[in-house]
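Notes follow once the structure below has been shown.
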Amino acid sequence: MTAESSKSARPERYNPREAEPRWQQAWDARGIFATQNDDPRPKYYVLEMFPYPSGRIHMGHVRNYTMGDVVARYKRAAGHAVLHPMGWDAFGMPAENAAMAQKVHPKEWTYSNIAAMKKQLQSMGLSLDWAREVATCDPAYYRHQQKMFLDFLGAGLVAREYRKVNWDPVDQTVLANEQVIDGRGWRSGALVEQRDLHQWVFKISDYAEELLEALDTLDRWPEKVRLMQKNWIGRSEGLLIRFALDPKTTPGSENELEIFTTRPDTLFGAKFMALSPDHPLATAAAKKNPELAAFIERCHHMGTSQEAIDTAEKMGFDTGIKAVHPFDSSWTLPVHVANFILMDYGTGAIFGCPAHDQRDLDFVNKYGLGNTPVVLPPGQDPASFVITDTAYDGEGTMINSRFLDGMKIEGAKEDVARRLEKESRGNRPVAQRQVNYRLRDWGISRQRYWGCPIPVIHCEKCGVVPVPAAELPVTLPDDINFDKPGNPLDRHPTWKHVKCPKCGGEARRETDTMDTFVDSSWYFIRFTDPWNAEAPTTPKIANAWMPVDQYIGGIEHAILHLLYSRFFTRAMKKTGHIDLDEPFAGLFTQGMVVHETYRKKNGEWAMPAEVTIVSEGDNRKATLTATGEPVEIGPIEKMSKSRRNTVDPDDIMDSYGADVARWFMLSDSPPDRDVIWSEEGVQGASRFVQRLWRLLGEIADVQAPVARPAQFFDQATAVRKAAHRALANVTDDINKLRFNRCVAHIYGCANTLSDVIGAAETSPSPDFAWALREAGDILVRLFNPMMPHLAEECWAALGHKTLVAGEAWPQLESDLLVETTITLPVQINGRKRAEVTVARDAGKDAVEAAVLTLDEVKKALDGKSPKKVIVVPQRIVNVVA
RNA sequence: GCGGACGUGGCGGAAUGGUAGACGCAAGGGACUUAAAAUCCCUUGGAGGAAACUCCGUCCGGGUUCGAGUCCCGGCGUCCGCACCA
């Protein structure tokens, strides 16, 4: 069908640069993305991880926020009250680095970045409720965080400890264990050192068991993330055993040594005891033994960096102390100090069973202490089984273990535990069962300026005194300077000097600020009622909106942010701010945006924007656009400044528009995998935008009856089937976050409609015209979540006076998806050889009868009857000849 | 070392145990045009054949099944997380 008559009314091409801001203003003017807390419809809370205001958004943001926006717009159309807010993770080091490098105040730097990035996000056409915007560096936000810190303190969830911490020498601050990656600071990349410091800690380890167990309830989380958290929490069951010490050999009054083991079954394979260099017994022994003191000193020095610890050789020092075997008072074991024993796991002491633990084996092989195997692997001869270089940690049968001989490992563990629990020394059992966790308490003190002040005061007389709630917030002083490294709050002339709230005497403010991960541990709850000036939450409202139904972000937060938030929500529950354990019901971790790399002859990297790609047959060649110099096309890698393979979202939106960027982000790869950003792909997306626009223009030109025709004939029915099948498929896949498949279905529907229109008569019959208009209406609403500006433009072209952003999701007529006849593939011996068309509800016998009349089947059977005929209704037939 | 994921055309990827390669990109051919762009049409896993069609094909080797990309066992490879945690 040609529609030349009215074609002239439209420009040749859709112009996103003109249309996109126009529709953004239209949405804004009607406030259709503002969410009311008293909305009676069923709630749906969709959230993307909020950004750090670094200054500009990157392609990862574009991908993240596009996915969230698709879900938000779809759920809104599907009849939900959708909460879809945005904010800023605004405290942190880069602001201070900028202050040092550019002499700009961190606050100014941060807020101007926020303004710039907000503009960028708005140009993406995201359906966000900006009225709920929060920035964590705003006293209106962090005052509530300070209040909760005090509440946590009162509830015993906060402690102050002098402990060994990870010190980042570049950022000059402490890092939590979770923030040390490969022995380096997660932000600075500097080798981390160990230091002893006073630290405020959140007692996350009190929740270790709960955080572990509840992982099983998070059935809409990726298995991978749950597993990572499980491993991080690191639960292990074992036995605490008190070994008596030979008094003649001990340095002072110490008469026993408590160790933790998960392998009490191997007790008869014990060859030595080992202490952490920081163990009190080691310290005591060192006082009388200068050589030992020197050894411990050496351990401390070589262990300054995490990397050094990881690569250090096993080293030990015999203290001369003897421990008595709990099952044989005549059996003593030498007590060593060893560099590989950690003071903060278990009791900081172990017994070593070299035959079945590789570290212990390495240790005895170095110091000639020997080994005795006590677990015999299945099928091994006890007389000849020996351990030399490789410890055996598998299943087996106990040997060389007196009363345990012949037992399996589990039985032996249980037997040892029972016996030692019954035995007592000094009114206490010799052993008790214990569960240990790898998870450490969360140290939150940071020696930084640009963070939330910890609201406590140190008084000589009264000790640590909380800032009275009425005096909150403790705000950051603006007059600071960054001339020297370290914490400017600590050298501020007046800010830190205050009166003690208790005694009124001279006192000192805490100058450490909170880890920025505290800020991000509850922002999603603050979004539910950011207007409450009195309290962090309005529990009734928070309880109604939470949990977040769909949280979307990068896998890099699998442990840090997601574990902290799970803890924080529980702590907020304990202190009465919300009634909820798990903050995120559904979690989706998106893949990265990756791109080819380009390298010049001189070894420097070239940016994608500087390069022109030419295809010569199957080969692709790249040259610098400016000079024509050839550049080498390198491997596809994560977009990064160091490889210079980044693409600026602004450039893409300027040249192609937001919809094209959004569409391509969704189209090429499954959302949890990396997506390769390519110029060709973007152009493909852009072509499709234009194609849709032309297609819907043609449909708009069709003169269709207003009333639904009573009857649809073949052509019209085919159109209706295509539209409703796409509707069913897109709905299903959007619910499963399979956006790449949604894209394929939309292409499919558009292709069908183009074909039908191209083949149709000049003046369509009323039923066909009506079906085309219906299909157009459906198609626009299907791609609206992905390309909302184009959808509005097309919706208007179709003659609608409403905004498609406010329209309901199309109603599916599922009858259309049910075919009356279907074509089944017919296999002979498992290979497809023919097809058969039968009634949809044909019985197995009828299908079999039809199949046996086929020429191909007759030929294959050669007059014989088939061995077997398998009929899978509505799927396939297999004839076994 | 421990734990996990993945392996399908030239590329990104589709495929409740049921017609492998949907959809897109790239490529080749053609139409329109003075020409280009844009657009439209056709071809595109491999081998053979004029064609109808036939054979082979989802990392490798076995197995279960009427039927395996999918499930099981054993390899190989790639990627990710954790890592002196007793």
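In the text below, chain A, chain B and the rest are named by the order of the sequence lines, each starting its count at 1.
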Under a 3.5 Å limit on both distances, the Watson-Crick or wobble mate of B:A5 is B:U78
Between CG of A:Asp357 and C1' of B:C2 the distance, given in whole Å, is 13 Å
Re B:G10: Watson-Crick or G-U wobble partner, both distances kept under 3.5 Å, found to be B:C25
Partner of B:C84 under the Watson-Crick or G-U wobble criteria, both distances under 3.5 Å, comes out as none
Taking OP1 and OP2 of B:G24, is either one under 4.0 Å from a side-chain nitrogen or oxygen of A:Tyr747? no
(request) Please measure how far the P atom in B:A27 lies from the corresponding atom in B:G75, and state the result in whole Å. (result) 44 Å
Close N or O pairs between protein and nucleotides 11-14 of chain B (under 3.5 Å):
| unit_1 | atom_1 | unit_2 | atom_2 | d |
| --- | --- | --- | --- | --- |
| B:G12 | O2' | A:Asp668 | O | 2.9 |
| B:G12 | O2' | A:Ser669 | OG | 3.0 |
| B:A14 | OP1 | A:Asn740 | ND2 | 3.4 |
| B:A14 | O3' | A:Arg741 | NH1 | 3.3 |

note: A:Glu223, atom CD; B:G3, atom P; distance rounded to Å ~ 15 Å
So which protein N/O to nucleotides 34-45 of chain B N/O distances come out below 3.5 Å?
| unit_1 | atom_1 | unit_2 | atom_2 | d |
| --- | --- | --- | --- | --- |
| B:U39 | O3' | A:Arg694 | NH2 | 3.3 |

The salt bridge (Lys or Arg N to Asp or Glu O under 4.0 Å) partners of A:Glu209 (sequence neighbours excluded) come to A:Arg235
Ranking A:Asp360 and A:His745 by the position along RNA chain B of their nearest nucleotide, the one closer to 5' is A:His745
A:Arg643 with A:Glu637: basic N within carboxylate O range, under 4.0 Å:
yes
Scanning all shown strands, the Watson-Crick or wobble mate of B:C53 with both distances under 3.5 Å is B:G48
To the nearest 0.5 Å, atom OG1 of A:Thr731 lies from atom CG of A:Leu782 at 6.5 Å
Indicate every side-chain donor-acceptor pair of residues 750-760 of chain A with a distance under 3.5 Å to a residue at least two apart or in another chain.
| unit_1 | atom_1 | unit_2 | atom_2 | d |
| --- | --- | --- | --- | --- |
| A:Asn751 | OD1 | A:Arg691 | NH1 | 3.2 |
| A:Asn751 | OD1 | A:Arg691 | NH2 | 2.7 |
| A:Asn751 | ND2 | A:Tyr747 | O | 3.4 |
| A:Thr752 | OG1 | A:Gly748 | O | 2.9 |
| A:Ser754 | OG | A:Ala750 | O | 3.0 |

* Would you please indicate if the ring centroids of A:Phe588 and A:Trp221 are separated by under 6.0 Å? => no
In this structure, CG of A:Leu342 is separated from CG of A:Asp278 (nearest 0.5 Å) by 9.5 Å
> Using 30° and 60° as the class limits, which term best fits the ring planes of A:Tyr598 and A:His595: parallel, tilted or perpendicular?
Replying inline: perpendicular
Please list each protein N or O that sits under 3.5 Å from an N or O in nucleotides 62-68 of chain B, with the distance.
| unit_1 | atom_1 | unit_2 | atom_2 | d |
| --- | --- | --- | --- | --- |
| B:C66 | OP1 | A:Lys868 | NZ | 3.3 |
| B:C66 | O2' | A:Asn878 | ND2 | 3.2 |
| B:C66 | O2 | A:Asn878 | ND2 | 2.5 |

Between NE2 of A:His279 and P of B:A86 the distance, given in whole Å, is 17 Å
Worksheet entry | Donor-acceptor under 3.5 Å (A:Asn645 side chain, A:Ser640 main chain) | yes
Q: Classify the nucleic acid contact of A:Gly684 as base, sugar-phosphate or nothing, counting any heavy atom under 4.0 Å across all strands shown.
A: sugar-phosphate
Separation of B:A26 atom P from A:Ile633 atom CD1, nearest Å, is 14 Å
From CE of A:Met228 across to C1' of B:A83 the rounded distance in Å is 13 Å
### Message
Measuring to OP1 and OP2 of B:C82, would you say a side-chain N or O of A:Arg438 lies under 4.0 angstrom away?
### Response
no
Syn within 90° of 0, anti beyond: B:G81 is anti
In whole angstroms, the gap separating C1' of B:C85 from CD1 of A:Ile233 amounts to 14 Å
For A:Ala723, the side chain to side chain contact (heavy atoms under 4.5 Å, CB included) test, sequence neighbours excluded, returns A:Ala775, A:Ile778
Of A:Lys224 and A:Asp344, the one whose nearest nucleotide on RNA chain B sits closer to the 5' end is A:Lys224
| Using the P atom in both, what is the distance from B:G62 to B:G29, to the nearest Å? | 43 Å
Sorted by chain and residue number, the salt bridge (Lys or Arg N to Asp or Glu O under 4.0 Å) partners of A:Lys832 (sequence neighbours excluded) come out as A:Glu835
Between CD of A:Glu637 and C1' of B:U78 the distance, given in whole Å, is 15 Å
Hits for salt bridge (Lys or Arg N to Asp or Glu O under 4.0 Å) against A:Glu12, two or more places apart or cross-chain, chain-then-number order -> none
Cation-pi check, A:Lys314 to A:Phe363: give yes when NZ or CZ is under 6.0 Å from the six-membered ring centre and within 45° of the ring axis, no otherwise.
-> no
ask   = With rounding to whole Å, what would you report as the distance between B:U44 and B:G30 at their C1' atoms?
value = 15 Å
>> Please confirm whether the ring centroid of A:Phe351 lies under 6.0 Å from the ring centroid of A:His325.
In response: no
Contacts of A:Glu395 meeting salt bridge (Lys or Arg N to Asp or Glu O under 4.0 Å) (sequence neighbours excluded), chain-then-number -> none
**OP:** Describe the nucleic acid contact of A:Ser236 in one word from base, sugar-phosphate, nothing, applying a heavy-atom distance below 4.0 Å.
**Re:** sugar-phosphate
Residues at least two apart in sequence or cross-chain that pass side chain to side chain contact (heavy atoms under 4.5 Å, CB included) with A:Arg738, listed by chain then number, are A:Asp732, A:Asp733, A:Lys736, A:Asn740, A:Arg741
Separation of B:U19 atom P from A:Glu835 atom CD, nearest Å, is 12 Å
### B:G69 versus B:G17 - spacing of their C1' atoms, nearest Å
11 Å
Using a heavy-atom cut-off of 4.0 Å across all strands, would you classify A:Ile341 as base, sugar-phosphate, or nothing? base
Show each protein N/O and nucleotides 53-57 of chain B N/O combination with a separation under 3.5 Å, one pair to a line.
| unit_1 | atom_1 | unit_2 | atom_2 | d |
| --- | --- | --- | --- | --- |
| B:C55 | OP1 | A:Arg833 | NH2 | 3.3 |
| B:C56 | OP2 | A:Arg831 | NH2 | 3.4 |

Sorted by chain and number, sequence neighbours left out, side chain to side chain contact (heavy atoms under 4.5 Å, CB included) with A:Ala744 holds for none
Checking N1-N3 plus N6-O4 or O6-N4 for Watson-Crick, or N1-O2 and O6-N3 for wobble, each under 3.5 Å, the partner of B:U16 is none
